[in-house]
**Student:** 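Dumping the structure here so I can ask a few things about it.
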Amino acid sequence: MRAILEVENLNLSLAVPGGILQAIRGLSLKVETGETLCIVGESGSGKSLTALSLMGLLPQTAVLKSDRMHFMGHDLTRLSDREFANLRGDRISMIFQEPMTSLNPCYTIGNQLMEVYLRHKNGGTARARDRAAEILNEVGIANPETRMIQYPHQLSGGLRQRVMIAMALICEPNLIIADEPTTALDVTIQLQVLSLLDSLRKKHGTAMIFITHDLGVVAQIATRAAVMYAGQIIETAPIEQLFKSPAHPYTRGLIDCIPAPGKTNRNQPLKTIPGEVPDLTRDLSGCAFRSRCSKAGDVCFEEIDNSEIAANHFCQCIFPES
Ligand code: ADP
Ligand code: MG
């Protein structure tokens with residue numbers, strides 16, 4: 001399979017009151033057509049900023065450096081704002097956690113969907129309206145014509161998230177970036193939205209980057225996963241491999257924290273990894289996880305490379321689990 005997205009050595013820093021915050025450090029990733037790469041990590045590990053870097057939507061204060069950021073023949077580091085805007089919503093689109101932050105409360109659902117279509121495609125208003133109805137239908141919204149004349153506040157959270165998905169898909173993008181798209185939903189609606197995204201990806205052969213802090217969600221939707229910690233990807237593997245043989249002590253810790261139905265005692269407190277994520281404005285040389293790691297030794301103060309420990313399984317640790 002050919003990679004449609006290739007990122008090498010992405011570094012992102014932000015000026016903050018306490019100094020310079022190194023939010024992303026040496027991140028490399030590849031996404032192939034038809035796969036779902038899950039980026040998983042605790043809050044603050046740099047997942048959303050990674051997504052925003054790929055969308056060209058970084059805050060003004062961010063400084064991005066990268067050896068390579070290629071998407072379908074475009075060098076993303078060299079695109080003008082206008083060229084990036086032409087790609088967004090057309091070839092690459094994003095689904096956010098909270099639909100109300102991206103839906104405009106003043107316009108109907110139909111108008112907002114049509115606007116995205118008309119921004120990128122020829123065919124006029126009539127074609128845009130047909131396409132809007134078609135895509136609402138495809139994301140499982142009954143009576144699309146009725147929904148199209150409604151405003152966002154008239155829909156439930158689950159329906160609004162489906163509208164967001166419809167908006168992301170209306171121009172048939174090659175890559176969807178979904179940033180915690182189901183975190184604000186109840187568990188049953190979450191399951192419906194996950195299976196919808198998965199079936200749409202399969203049907204259209206779209207590639208997806210799915211961002212979540214929840215390994216349970218990763219197990220449901222990923223074909224491959226990248227585990228982020230303190231701005232770095234510390235482990236990447238095909239999904240079965242990651243759950244079967246997690247190599248980084250952090251990944252192992254995350255997996256051990258998932259309650260197992262029938263096995264975990266209900267009265268037992270939920271497991272957590274002790275300690276805290278390091279301050280990203282401080283010196284971050286060596287392994288960022290070492291202060292929380294039972295295996296850590298003096299060598300963990302030195303720089304560690306990502307190495308391939310099994311086929312397509314990369315880990316950034318001197319003492320990987322075996
Ligand atoms: P995640 O999505 O994994 O929770 P983020 O990518 O949002 O993490 O953030 C990574 C780090 O960058 C965090 O420490 C966060 O506080 C910081 N950060 C994110 N956005 C900004 C911003 N606009 N200005 C300053 N710091 C930010
Ligand atoms: Mg986030």
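Just follow the structure's listing: the first ligand is 1, and inside any ligand the first atom is 1. Count residues from 1 along the sequence.
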**Student:** In terms of residue, atom name and distance, what is the protein heavy atom nearest to atom 14 (O) of ligand 1?
**Tutor:** Leu280 CD1, 3.8 Å
**Student:** Looking at ligand 1, is there an atom of it that comes within less than 4.0 Å of some heavy atom belonging to Val16?
**Tutor:** yes
**Student:** Select the closest option to atom 21 (C) of ligand 1 among Val277, Val40, Leu52, Leu14, judged by heavy-atom distance.
**Tutor:** Leu14
**Student:** For ligand 1, which atoms, with element, lie under 4.0 Å from some heavy atom of Glu42?
**Tutor:** 3 (O)
**Student:** What protein heavy atom is closest to atom 19 (C) of ligand 1, reported as residue, atom name and distance in Å?
**Tutor:** Leu49 CD1, 3.6 Å
**Student:** Decide if atom CD of Glu303 counts as having more than 12 heavy atoms of other residues, nucleotides or ligands within a radius under 6.0 Å.
**Tutor:** yes
**Student:** For Pro173 and Ala168, which heavy atoms make the closest approach, and how far apart are they?
**Tutor:** CG-O, 3.3 Å
**Student:** Please determine which of Gln316, Glu42, Met228 meets the side chain to side chain contact (heavy atoms under 4.5 Å, CB included) test together with Tyr250.
**Tutor:** Glu42
**Student:** So, is Lys47 polar-close to ligand 1, with some N/O to N/O distance under 3.5 Å?
**Tutor:** yes
**Student:** Looking at Arg88, I want to see if its CZ is surrounded by more than 12 non-hydrogen atoms of other residues, nucleotides or ligands under 6.0 Å.
**Tutor:** yes
**Student:** Are Lys203 and Glu138 packed together at the side-chain level, in the sense that at least one heavy-atom pair is separated by less than 4.5 angstrom?
**Tutor:** yes
**Student:** Only heavy atoms of Pro59, strictly under 4.0 Å: list the atoms of ligand 1 that pass.
**Tutor:** 23 (N)
**Student:** For Pro278 and Ala288, which heavy atoms make the closest approach, and how far apart are they?
**Tutor:** CG-O, 3.6 Å
**Student:** When you measure from atom 8 (O) of ligand 1 to every protein heavy atom, which one gives the shortest distance, and what is it?
**Tutor:** Gly46 N, 3.3 Å
**Student:** Above 12 or not: heavy atoms from other molecules or residues under 6.0 Å from CZ of Arg68?
**Tutor:** yes
**Student:** Of the backbone and side-chain N, O or S atoms of Ser48, does one lie nearer to the Mg ion (ligand 2) than 2.8 Å?
**Tutor:** yes
**Student:** Would you mind listing which atoms of ligand 1 come within a distance below 4.0 Å of any non-hydrogen atom of Ser48?
**Tutor:** 1 (P), 2 (O), 6 (O), 7 (O)
**Student:** Is ligand 1 under 4.0 Å from a heavy atom in the side chain of Ile211, in the backbone, in both, or in neither?
**Tutor:** neither
**Student:** Give me the residue, atom name and distance of the protein heavy atom closest to atom 17 (C) of ligand 1.
**Tutor:** Leu21 CD2, 3.9 Å
**Student:** Below 4.0 angstrom, N of the basic side chain to O of the carboxylate: do Arg119 and Asp90 qualify?
**Tutor:** no
**Student:** Given side chains that start at C-beta, do those of Met72 and Ile4 come closer than 4.5 Å, heavy atoms only?
**Tutor:** yes
**Student:** Starting from atom 11 (C) of ligand 1, locate the nearest protein heavy atom and write down its residue, its atom name and how far away it is, to 0.1 Å.
**Tutor:** Gly44 O, 3.8 Å
**Student:** Measure from atom 2 (O) of ligand 1 to the protein's non-hydrogen atoms and state whether any distance is below 4.0 Å.
**Tutor:** yes
**Student:** Heavy atom of Ser43 under 4.0 Å from ligand 1?
**Tutor:** yes
**Student:** Which bit of Ser45 gets closer than 4.0 Å to ligand 1, counting heavy atoms only: side chain, backbone, both or neither?
**Tutor:** both
**Student:** Check this for me: does any side-chain nitrogen of one of Glu321 and Lys295 sit under 4.0 Å from a carboxylate oxygen of the other?
**Tutor:** yes
